[in-house]
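These notes concern the structure reproduced below.
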Amino acid sequence: MIAIKPNFHRDNFTDRKYSHLSIQFLYFQILIASQNFYLELKDLDNGKLSKVEIPYQERGVNEDIPAPPRAIINRLAKCDNSSENERDAVLRIRKAILGFDKRIQEIVKPNSIEYGKGKSKLCAEFYFGSTIYGFQGRPNLFLRLPEPAPYLKQNTLRMHIFPDKDWTTFYRIIHYPRAFISNKIRSSNMYEYPAFIETIKRCAGDELRDERSRICYEKYEKLILSGTNSLELLVDIALETWLKRL
């Protein structure tokens with residue numbers, strides 16, 4: 001059996017020592033040389049290095065981002081309970097979304113502005129309609145994110161993001177299938193940071209982990225390894241999830 005990871009912990013070596021299986025540990029890293037990407041593997045037992053070039057196709061990054069439509073400017077102006085930081089953050093996130101891929105469209109609707117390809121392949125949404133108490137008069141960010149519960153089927157869910165005042169970090173995500181359909185939130189639909197990340201890590205590290213746990217960890221790995229609750233990284237996860245769904 002071969003285990004390939006970007007890092008190994010002391011517990012991994014302890015588990016291997018008492019395992020009945022023969023397990024080879026390979027440390028991997030991605031290298032860039034002469035504008036090419038390479039996968040490098042290092043055998044942690046004998047130090048042997050192997051390297052192979054990674055074929056890839058550049059994503060169609062959009063460097064020609066249009067000016068914000070009048071609809072988003074007008075709606076932000078009417079957000080009388082929002083701060084200047086919030087309004088600036090909406091435009092910053094919009095720029096990151098549209099700059100990610102040329103295929104992402106900006107779709108203006110009566111109560112929201114959506115981003116994606118067509119109606120069924122969305123990645124993000126700014127919602128300005130009627131909301132639950134505490135969010136009136138403020139922009140609301142929704143992201144299509146992977147299921148955060150590692151023991152559930154790994155679907156893509158419409159998540160309401162609770163950011164801090166500066167919109168640099170987040171502290172909670174809640175699954176809302178459509179708009180704000182109810183003020184009653186089931187606890188099973190609410191995920192607090194860092195509790196849900198710790199659950200993902202614990203399930204992924206369990207000896208009895210299943211395929212769902214592994215997939216969930218991989219999808220949130222960027223956020224897990226950062227050790228932060230960065231809103232920017234959460235947006236990145238939504239964009240990468242969108243790209244894989246095309």
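Along the sequence shown, residues are numbered consecutively beginning with 1.
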**Prompt:** Can you check side chain to side chain contact (heavy atoms under 4.5 Å, CB included) on F162 and Y171, steps first, answer last?
**Reply:** CA-CA 6 Å; F162 287 63; Y171 60 91; 3.5 Å; yes
For residues 142-153, please give each side-chain donor-acceptor pair under 3.5 Å, one per line with the distance, not counting sequence neighbours.
unit_1 : atom_1 : unit_2 : atom_2 : d
R144   : NH1    : E125   : OE1    : 3.2
E147   : OE2    : A149   : N      : 2.9
E147   : OE2    : Y191   : OH     : 2.9

Where [X] and [Y] come nearest, the two heavy atoms and their spacing:
X	Y	answer
A89	W167	CB-CB, 3.3 Å
I104	Y115	CG2-CB, 4.1 Å
K165	E86	O-CG, 4.0 Å

Could you list the residues that satisfy salt bridge (Lys or Arg N to Asp or Glu O under 4.0 Å) with [X], not counting sequence neighbours?
X	answer
R245	none
E232	none
R87	E84
K201	E198

**Asked** Judged by modelled atom types alone, do D15 and S19 share a side-chain donor-acceptor pair under 3.5 Å?
**Response**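 Short answer, no.
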**Exercise: do S226 and T228 side chains pair donor with acceptor under 3.5 Å** =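 Yes.
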**Item:** For P139, the option from I113, V90, I72, I93 that meets side-chain contact (heavy atoms from CB on, under 4.5 Å)
**Value:**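 With P139 as partner, I113, V90, I72, I93 yield a single side-chain contact (heavy atoms from CB on, under 4.5 Å), made by V90.
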**Asked** Among pairs that include at least one residue of residues 42-52, which meet salt bridge (Lys or Arg N to Asp or Glu O under 4.0 Å), considering only residues two or more places apart or in two chains?
**Response**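 For residues 42-52, and leaving out neighbouring residues, the salt bridge (Lys or Arg N to Asp or Glu O under 4.0 Å) pairs sorted by first residue read R16-D45.
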**Item:** salt bridge (Lys or Arg N to Asp or Glu O under 4.0 Å): pairs with one or both residues in residues 106-121, sequence neighbours excluded
**Value:**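 Salt bridge (Lys or Arg N to Asp or Glu O under 4.0 Å) check on residues 106-121 returns R94-E106, K109-E114.
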Applying the 4.5 Å side-chain criterion to the ILVMFWY set and letting contacts propagate, would [X] and [Y] be lumped into a single cluster?
X	Y	value
L239	I107	no
Y127	M190	yes
I237	L98	yes
I65	F126	yes
L233	I224	yes

**Message:** Quick check: do P68 and L91 have side-chain heavy atoms less than 4.5 Å from each other?
**Reply:**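 Result yes, sub-4.5 Å side-chain heavy-atom pair found.
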**Chi angles and distances behind the salt bridge (charged side-chain N to carboxylate O under 4.0 Å, His left out) call for R214, E218** = CA-CA 6 Å; R214 183 189 65 78; E218 289 178 353; 2.6 Å; yes
**Prompt:** With a 4.0 Å cut-off, would you call D101 and R103 a salt bridge?
**Reply:**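 A salt bridge links D101 with R103.
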**Item:** CA sep, side-chain torsions, deciding dist, call: W242, L122, side chain to side chain contact (heavy atoms under 4.5 Å, CB included)
**Value:** CA-CA 7 Å; W242 170 84; L122 298 177; 6.0 Å; no
**Short side-chain to backbone donor-acceptor contact, S112 and V108, under 3.5 Å** =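 Pair absent, no side-chain N/O of S112 close to backbone of V108.
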Quick one: side-chain contact (heavy atoms from CB on, under 4.5 Å) partners of [X], sequence neighbours excluded?
X	answer
E221	P6, Y217, L225
L39	F28, I30, L41, V52, I54
N85	S83, D166

**Asked** What pairs of residues pass the side chain to side chain donor-acceptor pair (under 3.5 Å) test when at least one of them lies in residues 3-14, not counting sequence neighbours?
**Response**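 Matches after skipping sequence neighbours: none remain.
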**Asked** Mind checking who shares a hydrophobic cluster with L44, ILVMFWY linked at side-chain heavy-atom distances under 4.5 Å?
**Response**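 Hydrophobic cluster check, L44: joined to M1, F8, F13, L21, I23, F25, Y27.
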**Asked** Checking side chain to side chain contact (heavy atoms under 4.5 Å, CB included) for the pair C123/I97: CA distance, chi angles, key distance, verdict?
**Response** CA-CA 9 Å; C123 59; I97 292 170; 4.1 Å; yes
**Prompt:** Has K222 got more than 12 heavy atoms of other residues, nucleotides or ligands less than 6.0 Å from its NZ?
**Reply:**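 Above 12, so yes.
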**Message:** Test side chain to side chain contact (heavy atoms under 4.5 Å, CB included) on I161 and N140; report intermediate values, then the result.
**Reply:** CA-CA 7 Å; I161 312 304; N140 293 273; over 6 Å; no
